[in-house]
2 protein chains.
Amino acid sequence: MRALLCNPLHSKIGGMALEHAILVSLLEKPGSGYELARRFERSIGYFWTATHQQIYRVLKRMENDGWVRAREVPQQGRPDKREYSVADLGHAALSSWLHEPIEPESVRHDLAVKIRGAAFDDPAGLVREVERHRRAHTDRLAHYLAGEERDFPPVPDDGTPPDAERELQHVVLRGGIAYERMMIAWLDDVLATLRGF
Amino acid sequence: MRALLCNPLHSKIGGMALEHAILVSLLEKPGSGYELARRFERSIGYFWTATHQQIYRVLKRMENDGWVRAREVPQQGRPDKREYSVADLGHAALSSWLHEPIEPESVRHDLAVKIRGAAFDDPAGLVREVERHRRAHTDRLAHYLAGEERDFPPVPDDGTPPDAERELQHVVLRGGIAYERMMIAWLDDVLATLRGF
DNA sequence: ATCGGCATGTAAACGGTTACATGATTTA
DNA sequence: TAAATCATGTAACCGTTTACATGCCGAT
């Protein structure tokens with residue numbers, strides 16, 4: 001018996017958000033592939049990682065699809081660059097992605113696997129590794145807090161209308177801060193547990 | 001000029017933790033591919049997802065490598081199954097993975113991309129989506145809390161030595177609980193921000 | 001009879017990672 | 001003169017996702 005083909009037209013639901021992350025970043029500010037790669041090591045990169053190879057490949061595809069436009073920018077003292085900005089098609093693609101629901105993300109949490117695995121090996125041996133992770137998270141927290149102070153100083157409410165772009169960047173950053181604080185507290189819990197053996 | 005080959009012997013640092021998640025799960029309790037797939041929808045699956053196709057493929061590779069052993073188990077009223085358990089080589093592989101450091105995981109956070117993208121579309125239109133996510137997280141929290149009550153009831157300290165396997169499973173579950181609580185609080189923050197426009 | 005659960009797979013497409021590659025300019 | 005930064009790629013590999021596929025059993 002033949003199986004039914006049941007997906008007529010709609011291509012790839014979910015997944016593949018790199019395009020969208022790039023669109024958002026280019027809407028916030030146009031830039032070259034190189035500049036995007038830099039941003040993916042900072043702001044945007046805190047919740048979506050990508051390497052320059054990936055970015056160049058995807059950028060090329062997006063240009064072919066008419067999602068972005070490139071402009072040659074001659075520079076002095078530096079190689080020329082191709083500055084990308086979002087075209088109407090790209091803006092529309094982002095908009096339709098924003099309107100389709102995505103599944104609450106499935107987690108990949110190596111450290112949790114390690115912690116449960118430690119029961120069959122050497123629990124105390126994991127302490128150093130967990131401490132390393134705790135340090136990484138306190139570093140990131142400090143970095144986020146510094147960024148918050150720098151970019152989002154408290155403003156007295158003077159009736160000026162809120163800037164959506166800015167407010168939304170801030171609430172995402174607050175999410176990062178909450179995440180790091182939660183992780184640090186949890187890793188303390190893990191350390192206390194490991195040291196109990 | 002020729003580039004130097006600079007990785008002599010060690011294959012793939014990082015990545016590829018599915019093997020290790022399977023090893024941990026099989027150490028906790030031997031089982032068939034099908035049973036593992038079930039577990040990856042529950043307990044272990046809360047911090048590492050995998051489909052049955054992936055599991056069967058990896059299981060076969062692990063069997064070839066001598067990491068796991070299969071035992072044919074005839075069943076009545078059901079198809080026979082191949083029950084896997086961890087071999088010495090697998091235990092050793094897990095142990096060496098546990099001892100090598102891993103990078104604190106890089107996050108992939110679709111929703112954060114959406115939230116920043118909403119500034120260029122319709123911020124208010126995201127409210128329903130964020131509410132959906134909030135509901136998913138409260139459901140998962142309730143589920144975790146029920147599991148905690150069921151599997152980890154409070155025990156008066158009567159001097160019996162702590163069970164590492166159990167304690168470590170519990171601390172991982174507490175991590176899941178802390179994560180869901182953090183997410184719910186943050187999503188409330190996001191909703192308040194979105195409603196402010 | 002059909003549906004859901006048990007049980008095990010193959011194959012294609014896609015996304016991400018790593019290694020390799022080039023070449024200019026500024027700074028130490 | 002060496003290292004770091006700017007700038008842009010190609011190729012191979014590997015892991016993940018999705019679609020397709022089979023067949024038995026028990027319950028409704």
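Quick note on labels: first sequence line is chain A, next is B, and so on, each numbered from 1.
Between A/D121 and B/H99, the closest side-chain pair of non-hydrogen atoms falls below 4.5 Å. In this structure, the side chains of A/V113 and A/H109 stay at 4.5 Å or more apart for every pair of heavy atoms.
Of the residues in residues 68-76 of chain B, those lying under 4.0 Å from DNA chain C by heavy-atom distance are B/Q75. Using a 4.0 Å cut-off on heavy atoms, the residues of residues 22-33 of chain B that approach DNA chain C are B/S32, B/G33, listed by number.
The side chain of B/R61 has D/dG15 as its nearest neighbour among D/dC6, D/dT17, D/dG15. Residue A/K81 has its side chain nearest to D/dA7 when only C/dC6, D/dT16, D/dA7 are considered. Each of C/dA7, D/dT16, C/dG16 was ranked by its minimum atom distance to the side chain of A/L18; first place goes to C/dG16. Here C/dG23 is the nucleotide among D/dT16, C/dG23, D/dT5 with the atom lying nearest to any side-chain atom of A/P79. Here D/dA7 is the nucleotide among D/dC24, D/dA7, C/dG16 with the atom lying nearest to any side-chain atom of A/E35.
Every residue meeting the side-chain contact (heavy atoms from CB on, under 4.5 Å) condition with A/Q75, not counting sequence neighbours, appears here in chain and number order: A/V73, A/R78, A/K81. For B/L89, the side-chain contact (heavy atoms from CB on, under 4.5 Å) test picks out B/W67, with sequence neighbours left out. A/D158 meets the side chain to side chain donor-acceptor pair (under 3.5 Å) test with A/T160; sequence neighbours excluded. Looking at residues two or more places apart in sequence or on another chain, you find a side-chain contact (heavy atoms from CB on, under 4.5 Å) between B/L27 and A/F120, B/V86, B/H91, B/L94. Scanning for side chain to side chain donor-acceptor pair (under 3.5 Å) contacts around B/R82 gives B/E63, B/E72, B/Y84, with sequence neighbours left out. Applying the side chain to side chain donor-acceptor pair (under 3.5 Å) rule to A/R69 yields no partners; only residues at least two apart in sequence or on another chain are considered.
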Under 3.5 Å, which protein N or O atoms sit close to an N or O of nucleotides 9-12 of chain C? Give each pair with its distance.
none

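B/I55 and B/G33 make their closest contact through CG2-O, 4.0 Å (heavy atoms, listed as atom of the first residue, atom of the second, distance).
Both the sub-6.0 Å distance and the 45° axial angle are not jointly satisfied by B/R174 relative to the ring of A/W186.
Between the side chains of B/S85 and B/R71, no donor-acceptor pair is found at a separation under 3.5 Å.
Taking atom CD of residue A/Q54 and atom C1' of nucleotide C/dA19, one finds them 15 Å apart after rounding to whole Å. Atom pair B/R108:CZ and C/dG15:P shows a separation of 12 Å (rounding to whole Å applied). Look at CD on B/E103: it is 15 Å from C1' on C/dT18, rounded to the nearest Å. Atom pair A/R38:CZ and D/dC6:C1' shows a separation of 8 Å (rounding to whole Å applied). Distance, A/Y34 OH to C/dT22 P: 19 Å, rounded to whole Å. Rounded to whole Å, atom P of C/dG16 lies 11 Å from atom CG of B/D110.
Members clustered with B/Y34: B/Y56, by chain and number, using a 4.5 Å side-chain heavy-atom cutoff among hydrophobic residues.
Defining each end axis of the helix from C/dA1-D/dT28 to C/dA28-D/dT1 as the rotation carrying four pairs' C1' atoms onto the next four, with five pairs an end, the two axes are found to diverge by 30° to 10 degrees.
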Donor-acceptor contacts, no H, no angles, side chain residues 141-151 of chain B, under 3.5 Å, sequence neighbours left out:
| from | atom 1 | to | atom 2 | distance (Å) |
| --- | --- | --- | --- | --- |
| B/H143 | ND1 | B/Y46 | OH | 3.0 |
| B/E148 | OE2 | B/H170 | NE2 | 2.8 |

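Within 6.0 Å of CZ on B/R38 lie more than 12 heavy atoms contributed by other residues, nucleotides or ligands.
Mapping A/R78 and A/T49 onto DNA chain C by nearest heavy atom places A/T49 at the nucleotide closer to the 5' end.
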